[in-house]
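Presented below is the structure to which this report refers.
Reminder, nothing fancy here: chain letters follow the sequence lines and each chain counts from 1.
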Amino acid sequence: MEKCGIYLGCNIPFRAPDIEHSFYKVFPALGMEIVDMEGATCCPAWGTAPSFDIDTWLAVSGRNITIAEDKNVDIMTGCNSCFGVMSEAKHLIDHDPARKKTVDKNLALIDRKYKGDSEIYHVSHVLYKNIGIEKIRENVKYTLKQLKIAVQPGCHILWPSEVMAVKEKNSFFPTILKELCEVLGAEVPHYSKLNACCGMGAMRSTDQVRSIGLVKEKLVNMKEEIAPDMIVTTCSSCYLQFDGAQKILKEKGEIDFEIPVFYYTQLLALCMGFDPKNVAAISETPRDAIIQKIQSEARLLN
Amino acid sequence: MAAINLTKMDKEIIQKIIDHGGKGITKCIQCNACASVCPVAKAGFPLYGRLLFRKIQTGHFEEIIEDSSSWACQACNRCTEICPRDAKPFEIVFAFRRIQANELAISTSAFTPLMNLHATGHAVYSEASKELRQKVGLPAVPVTSIANEKAQEEIRTLLDNSPMGELGIF
């Protein structure tokens with residue numbers, strides 16, 4: 001695979017476009033051409049069509065998939081929710097002939113045809129499986145030596161493993177993101193709430209107090225057990241939750257610390273020497289100091 | 001222990017759950033494995049997986065129809081991964097959610113993302129994103145449906161011709 005369709009979703013292009021920009025910097029530099037998916041819509045998010053009618057969900061996801069199929073590329077998505085919604089939709093369409101028939105009928109209304117030949121990957125899968133750890137190592141300019149990372153892979157990249165094209169060896173002890181961070185030179189210790197949910201998504205919109213309660217538990221656990229220099233995630237929802245909730249918790253006096261948060265490709269782009277004004281410029285929890293530290297002369301590799 | 005005698009209506013509700021995608025409801029043996037890993041249970045919502053399934057299985061549907069716990073489900077699928085009966089608990093929670101949604105037994109805030117989806121193709125959108133995008137050196141709008149009238153017409157055609165179109169949301 002030398003090129004891949006980039007499926008943006010909603011949160012990345014509209015709330016964290018510096019993550020989007022980090023894709024455009026990192027992937028071509030690592031030899032992966034990025035192909036735009038013009039006219040792609042919401043995946044559709046769990047709280048929309050999937051909460052009302054399965055066939056409508058499959059039609060909207062199916063339409064998005066046809067955009068990649070028409071360009072003969074696989075799909076790569078940076079948002080875990082989009083990855084989960086579309087992976088499950090594809091699994092249902094490909095394994096249930098009655099559902100497939102209804103998808104065909106619905107997509108015929110808009111002159112589209114689902115063929116089923118584009119695979120769905122997550123950004124971290126493409127980095128890990130297609131580009132590979134060694135290629136990343138060769139392209140890093142600044143090392144993260146002696147910096148400690150708490151990783152947050154996010155739920156929808158892990159479960160249900162049955163529907164996913166790339167699987168962890170043990171989804172309750174994920175290692176892909178850990179390896180992707182270790183190749184940058186960082187230390188990535190285990191912490192006991194590694195696989196706990198951050199409380200974002202449907203829970204955040206249903207009950208903000210309970211949602212923030214979950215992320216607080218996780219933050220405190222990270223801080224107590226490993227005191228990380230930064231949190232690194234491959235989920236844009238986890239990113240928004242960890243970044244935004246710390247500000248709320250700090251203002252309420254519920255935490256007395258701040259840990260900078262990065263989406264993985266933002267950190268990778270910084271290590272590759274790209275300008276933080278493009279790839280890591282929007283956050284609630286300050287990260288200027290750590291960015292300066294990462295891109296310092298002392299960390300330059302030969 | 002006394003047997004539970006389900007009425008015809010109770011059995012119809014179980015069938016309704018199956019019809020909305022929750023076919024595993026008849027497999028659940030109340031072992032609670034799903035709840036042991038469930039963020040909804042952990043966060044303290046009253047009607048998490050196992051208990052919800054119990055209420056459905058034993059004919060207590062009317063007392064739970066307006067409970068909002070199911071809307072806190074993240075669809076994380078930890079439950080599906082570990083269920084020893086392969087009941088796919090997530091699918092049952094979402095089947096229940098679909099019945100609530102189609103009976104409009106839900107908070108009106110659930111409709112905002114849907115109306116956004118119908119209007120723009122995106123559930124989440126804000127005009128402020130234009131400035132943010134330009135700040136990081138990207139064009140004000142991405143190549144998605146947000147700037148693509150044909151794509152927006154396509155999404156509206158799909159939604160208007162779906163069962164959701166009959167609910168009068170759009």
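- Contacts with chain A were tallied for B:Leu117, B:Val141, B:Asn161, B:Val143; B:Val143 has the most, counting heavy-atom pairs under 4.5 Å.
- The CG atom of A:Leu8 sits 8.0 Å away from atom NE2 of B:His122, with the distance rounded to the nearest 0.5 Å.
- Your options are A:Ala49, A:Pro13, A:Pro17, and the one with the most heavy-atom pairs under 4.5 Å with chain B is A:Pro17.
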Exercise. Between B:Leu159 and A:Thr56, is a side chain to side chain contact (heavy atoms under 4.5 Å, CB included) present by the stated rule, with each step listed?
Worked result: CA-CA 7 Å; B:Leu159 293 175; A:Thr56 312; 3.8 Å; yes
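- Put simply, of A:Gly201, A:Ala16, A:Ala40, the one with the most heavy-atom pairs under 4.5 Å next to chain B is A:Ala40.
- When each of A:Gly47, A:Ser161, A:Ala45 is scored by its heavy-atom pairs under 4.5 Å with chain B, the top score falls to A:Ser161.
- Here the closest heavy-atom approach between residue B:Gly121 and residue A:Thr41 is recorded as O-CB, 3.1 Å.
- With a 4.5 Å cut-off on non-hydrogen atoms, A:Phe172 touches chain B through its side chain but not through its backbone.
- When the heavy atoms of residues 88-98 of chain B are compared with those of chain A, the residues falling under 4.5 Å are B:Lys88, B:Phe90, B:Phe94, B:Arg97, B:Arg98, listed by number.
- No other option in A:Lys277, A:Arg112, A:Met37 has as many heavy-atom pairs under 4.5 Å with chain B as A:Arg112.
- At a heavy-atom cut-off of under 4.5 Å, chain A is reached by B:Trp71, B:Ala72, B:Cys73, B:Gln74, B:Ala75, B:Cys76, B:Asn77, B:Arg78, B:Thr80, B:Glu81, B:Ile82 from residues 69-84 of chain B, listed in order of number.
- Ranked by heavy-atom pairs under 4.5 Å with chain B, the first of A:Gly9, A:Cys155, A:Ala202 is A:Ala202.
- For B:Lys23, the NZ atom counts as loosely surrounded, since its 6.0 Å shell holds 12 or fewer non-hydrogen atoms of other residues, nucleotides or ligands.
- Of the possible polar contacts, one joining the B:Lys135 side chain to the A:Ala281 backbone as a donor-acceptor pair under 3.5 Å is found.
- For a residue to count as touching a neighbouring chain, one of its non-hydrogen atoms must lie under 4.5 Å from one of that chain's; by this rule A:Leu109 touches chain B with backbone and side chain alike.
- Heavy-atom proximity under 4.5 angstrom to chain B picks out A:Ala59, A:Val60, A:Arg63 from residues 58-69 of chain A.
- Note that the CG atom of A:Asp207 and the OG atom of B:Ser68 stand 7.5 Å from one another [nearest 0.5 Å].
- Counting only heavy atoms from C-beta outward, the side chains of B:Thr144 and A:Phe14 approach each other to under 4.5 Å.
- Residues in residues 20-29 of chain A take part in these side chain to side chain donor-acceptor pair (under 3.5 Å) pairs, two or more places apart or across chains: A:Glu20-A:Tyr24, A:Glu20-B:Arg133, A:His21-A:Lys25, A:Ser22-A:Thr265.
- Residue A:Pro44 touches chain B through its side chain alone, counting heavy-atom pairs closer than 4.5 Å.
- Interface remark: B:Leu114 contributes backbone and side-chain atoms alike to the contact with chain A (heavy atom separation under 4.5 Å).
- Ranked by heavy-atom pairs under 4.5 Å with chain B, the first of A:Gly199, A:Ser51, A:Cys43 is A:Ser51.
- If you measure heavy-atom distances from B:Ile106 to chain A, the contacts under 4.5 Å come from the side chain alone.
- Between the CG atom in B:Leu138 and the CG atom in A:Asp18 there is a gap of 9.0 Å [rounded to 0.5 Å].
- Heavy atoms closer than 4.5 Å to chain B are found in both the backbone and the side chain of A:Ile54.
- Within 6.0 Å of atom CD in B:Glu149, 12 or fewer heavy atoms from other residues, nucleotides or ligands are found, so the atom counts as exposed in its surroundings.
- The contact between A:Ala196 and chain B is made entirely by backbone atoms, counting heavy-atom distances below 4.5 Å.
- With chain A as the partner, the residue from B:Gly44, B:Ser126, B:Pro113 showing the most heavy-atom pairs under 4.5 Å is B:Gly44.
- Residue A:Arg204 does not touch chain B at all, counting heavy-atom pairs closer than 4.5 Å.
- The candidate from B:Gly21, B:Ala123, B:Ala147 with the greatest count of non-hydrogen atom pairs under 4.5 Å with chain A is B:Ala123.
- Neither the backbone nor the side chain of B:Leu104 comes within less than 4.5 Å of any heavy atom of chain A.
- Contacts between A:Ser171 and chain B at a heavy-atom distance below 4.5 Å involve the side chain alone, from C-beta outward.
- Only the side chain of A:Thr206 comes within less than 4.5 Å of a heavy atom in chain B; its backbone stays farther off.
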